[in-house]
Amino acid sequence: MNKTFGLLFYVKKTKMIANGTAPVYLRITIDGERADISSKRYINPDKWNANGQKLGGSGEEVRALNIYLKTLEHQVYEVHRNMIEKKLPLTAAGLKNILLKKDEPEKGRMLVPIFEEHNRQVKALIGREYAQGTLDRYQTSLKHTIDFLQWKYKVKFIMSYDFYLRSERKCNNNSTVKYLKNFKKIILICLANGWLDKDPFIKYKPKVKEVIREYLTKEDLQQIADKQFVNVRLTQVRDIFLFSCYTGLAYADVKKLKREEISIGLDGQKWIFTSRQKTDTASRIPLLPTALQLMQKYENHPECCDFGKLLPVLSNQKMNSYLKEIADVCNIEKELTFHIARHTFATTITLANGVSIESVSKMLGHTNIRTTQHYAKILDSKVGEDMQLLKMRLASS
């Protein structure tokens, strides 16, 4: 005879502790009989999504906890299936007893296999939850981890790993912090599953140093736009680069941009309606006259006609190679890469001309306005202009 079987995660608020968190429990119900099991995890009750049976919000800690709860749920289903197959008495209390014996912390879990399994899961979700670049960073972080373990193992693991990346791998400060941030995600998975007792990052407080982003001035842009190239490829690369300067799109987003992503906005003008490949966030950009002209210039290009592309974009490597040549021909001493176009849009084209930082952030598809604020900090010329206007107003009042 089949028995009813149900699982429910809930927050036990009656056991709330001094810091305002409460434990998450799993309730097993078989034919009306209940058995509760503590997940040994504490959360802010206000962030619990009762309908979704998970912790709400974003971030690695939230994701790690939800993965842990899902793992616990799978273990219950596995024990339930085994009890049926072995024809054991099926009760909530009996299932709980078997589960608690099964749920003893695993011994001998190795760091590298855990990291490798994580990367396999990221790879399986490319195009849905992750971009290829994210996997590449985790793969590089795994390689550094393996190399470090072979190089030297010390008790102060994280500080030694930090030193190794800076000294042996010649990583700068920000690269070191990013690789250790990737590594911390693996540590959080280990902590969530009970494979580690203590967080080795507890006293490690890395700081990302602010990088001054290069961008082109109005004079630089005019110099590039006015240059007549004999080489057709140089002209094509210059045009696509300038299109990005006037739209703020990154290379990957210009590359995938389709004609169908150009639509009429609320103002009756043409806009780009797309999503960033890196973050999958919406990006809505009104087309400036220069961008419109460049777009129309290539509307009959064979590659655009055959594949519905907006522009005939070359590979990133070729684009950057040609851009170096363009910089030499135009006497521009800055290191010209395709990504500098995005910085130019944020500074010279928009912020320097009075566009609000909120609008710029939305057009760039930033998920956090603090990312956009980095551009505002480098506009000393804009500060000077604003203060000059203020002087004039004070003088006339």
Side-chain angles (χ1 to χ4, degrees), residues 210-226 238-257 261-297 310-311 313 319 323 326-327 330 332 334-390:
E210 187 171 347
V211 177
I212 302 300
R213 293 171 170 83
E214 197 87 82
Y215 64 96
L216 299 180
T217 63
K218 289 187 293 184
E219 293 73 24
D220 293 332
L221 284 171
Q222 196 62 52
Q223 209 166 335
I224 294 173
D226 291 343
R238 184 270 310 276
D239 290 344
I240 296 167
F241 175 75
L242 287 177
F243 180 83
S244 185
C245 287
Y246 285 92
T247 59
L249 291 175
Y251 168 80
D253 300 322
V254 176
K255 175 79 173 172
K256 73 178 182 65
L257 195 61
E261 292 178 291
I262 307 298
S263 298
I264 302 300
L266 292 173
D267 57 359
Q269 303 297 313
K270 287 186 177 180
W271 286 45
I272 294 172
F273 290 83
T274 188
S275 60
R276 289 203 65 200
Q277 181 171 300
K278 182 179 179 181
T279 58
D280 197 33
T281 53
S283 189
R284 308 286 184 261
I285 309 160
L287 281 164
L288 294 169
T290 302
L292 268 172
Q293 291 168 12
L294 291 167
M295 179 184 83
Q296 291 163 356
K297 182 176 178 179
L310 192 73
L311 294 168
V313 183
M319 293 289 288
L323 283 171
I326 289 170
C330 295
I332 291 178
K334 296 166 185 172
E335 185 180 355
L336 207 57
T337 63
F338 199 90
H339 203 62
I340 205 174
R342 187 166 166 82
H343 302 326
T344 301
F345 175 79
T347 52
T348 305
I349 304 299
T350 54
L351 288 172
N353 286 302
V355 179
S356 73
I357 196 167
E358 291 81 8
S359 293
V360 176
S361 185
K362 189 170 183 179
M363 287 188 287
L364 290 173
H366 284 163
T367 55
N368 192 319
I369 201 166
R370 283 180 297 179
T371 308
T372 321
Q373 286 169 341
H374 291 304
Y375 296 109
K377 290 176 184 176
I378 63 176
L379 286 171
D380 292 338
S381 59
K382 184 67 170 63
V383 173
E385 290 171 12
D386 289 345
M387 292 304 289
Q388 189 61 37
L389 286 172
L390 176 59

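In what follows, residues are counted from 1 in the order of the sequence shown. Atom set for the values below is all heavy atoms of this structure, side chains included, hydrogens, waters and symmetry mates excluded. Worth saying up front: this structure is predicted, and the values here are computed from it rather than measured.
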Is the ring pair His339/His343 parallel, tilted or perpendicular, if the boundaries are 30 and 60 degrees?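 Plane angle over 60°, so perpendicular.
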Might you point out which heavy atoms bring [X] and [Y] nearest each other, and give the distance in Å?
X	Y	value
Ala346	Leu364	CB-CD1, 3.9 Å
Val254	Leu249	CG2-CB, 3.4 Å
Ser244	Phe345	O-CB, 4.1 Å
Met363	Ser283	O-OG, 2.5 Å
Thr337	Phe241	O-CE1, 3.5 Å

Give a yes or no on whether [X] atom [atom1] has more than 12 heavy-atom contacts from other residues, nucleotides or ligands under 6.0 Å away.
X	atom1	value
Leu266	CG	no
Lys256	NZ	yes
Lys334	NZ	yes

side-chain contact (heavy atoms from CB on, under 4.5 Å) between Leu221 and Tyr246, worked out: CA-CA 10 Å; Leu221 284 171; Tyr246 285 92; 4.1 Å; yes
Can you tell me how far the [atom1] atom of [X] sits from the [atom2] atom of [Y], to the nearest 0.5 Å?
X	Y	atom1	atom2	value
Asp253	Ser275	CG	OG	7.5 Å
Trp271	Arg284	CH2	CZ	9.5 Å
Glu214	Asp220	CD	CG	9.0 Å
Glu261	Phe273	CD	CZ	11.0 Å
Gln296	Leu294	CD	CG	9.5 Å
Ile272	Thr247	CD1	OG1	5.0 Å

Quick one: does [X]'s side chain have a donor or acceptor within less than 3.5 Å of a partner on [Y]'s backbone?
X	Y	value
Ser361	Ile357	no
Thr350	Val355	no
Asn353	Thr348	yes
Thr344	Leu216	yes
Lys270	Ile264	no

Which residues pass the side chain to side chain contact (heavy atoms under 4.5 Å, CB included) test with Ala252, sequence neighbours left out?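 Ala252 satisfies side chain to side chain contact (heavy atoms under 4.5 Å, CB included) with Gln277 once adjacent residues are dropped.
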Which of these, Val360, Leu288, Thr290, sits in a side-chain contact (heavy atoms from CB on, under 4.5 Å) with Ile349?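 Single side-chain contact (heavy atoms from CB on, under 4.5 Å) partner of Ile349 among Val360, Leu288, Thr290: Leu288.
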